[in-house]
Structures are given as C-alpha cells and as structure tokens.
> 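Dumping the structure here so I can ask a few things about it.
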Amino acid sequence: LEEAGCYVTLLDGSAQMCKLAEITTGKEVLNLRFEEMEFEEVFDGIWACASLLHVPEREIDQIMEKVCFA
C-alpha cells in the first residue's frame with residue numbers, strides 16, 4: 001500500500017505480533033484490538049485481511065461500526 005502512495009497505520013491485537021511486525025517492517029505497530037480503536041473519520045480505507053474472522057459473532061455489528069467510521 002505504501003508503494004502505491006498510501007499512508008499506512010499498522011495495528012494488531014497481539015503484542016507479540018506487533019513486535020514481529022515492527023522487526024519485519026521497521027515501522028511502529030499499534031497494539032490495539034478492534035474494540036479499543038478510537039479513530040473517527042481518520043482513514044480513507046481499511047485493510048483487515050484475516051482479522052475480522054476473529055471477532056465473536058455477537059460483537060461483529062459493534063466492531064463493524066467502529067471500523068466503518070474509523
């Protein structure tokens with residue numbers, strides 16, 4: 001995405017995955033779960049590849065609202 005000119009904010013709910021991603025990318029990775037996100041109209045798009053499937057079904061509507069308005 002960065003090669004296409006996008007500014008990227010990296011985040012993951014796992015502290016260990018954040019550390020590994022920081023080593024791999026050389027960039028800061030925010031350690032946040034979806035429910036902890038407090039972004040409001042910050043992003044033009046969100047790439048949530050293989051992450052939303054970890055959200056319990058009973059929480060998906062609330063999480064999708066957070067993601068869609070981030």
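FYI, side chains are in, hydrogens and waters are out, and symmetry mates aren't considered; it's all heavy atoms of this structure.
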> Is there a path of hydrophobic side-chain contacts, each under 4.5 Å between heavy atoms of I, L, V, M, F, W or Y residues, that connects Ile46 with Leu1?
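No; Leu1 is not reachable from Ile46 via cluster members.
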> Does atom CZ of Phe39 have more than 12 heavy-atom neighbours from other groups under 6.0 Å away?
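Yes.
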> Hydrophobic clustering (ILVMFWY, side-chain heavy atoms < 4.5 Å, transitive) - are Phe34 and Leu30 grouped together?
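In one cluster with Leu30: Phe34, yes.
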> I'd like a table of donor-acceptor pairs (distance under 3.5 Å, sequence neighbours excluded) in which one partner is a side-chain atom from residues 48-67, with atom names and distances.
{"from": "Ser51", "atom 1": "OG", "to": "Ala48", "atom 2": "O", "distance (Å)": "3.1"}
{"from": "Lys66", "atom 1": "NZ", "to": "Met37", "atom 2": "O", "distance (Å)": "2.6"}

> Measure across Arg33 and Glu36 and return the closest heavy-atom pair with its distance rounded to 0.1 Å.
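Heavy atoms of Arg33 and Glu36 come nearest at N-OE1, 2.7 Å.
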> So how far is it from Phe43 CZ to Thr9 OG1, rounded to the nearest 0.5 Å?
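The distance works out to 4.0 Å.
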> Would you tabulate the side-chain donor-acceptor contacts of residues 11-27 under 3.5 Å, counting partners in other chains and residues two or more places apart, or write 'none'?
{"from": "Asp12", "atom 1": "OD1", "to": "Ser14", "atom 2": "N", "distance (Å)": "2.8"}
{"from": "Ser14", "atom 1": "OG", "to": "Gln16", "atom 2": "N", "distance (Å)": "3.4"}
{"from": "Ser14", "atom 1": "OG", "to": "Met17", "atom 2": "N", "distance (Å)": "3.1"}
{"from": "Glu22", "atom 1": "OE2", "to": "Val29", "atom 2": "N", "distance (Å)": "2.9"}
{"from": "Thr24", "atom 1": "OG1", "to": "Leu20", "atom 2": "O", "distance (Å)": "2.9"}
{"from": "Thr25", "atom 1": "OG1", "to": "Ala21", "atom 2": "O", "distance (Å)": "2.7"}
{"from": "Thr25", "atom 1": "OG1", "to": "Lys27", "atom 2": "N", "distance (Å)": "3.1"}

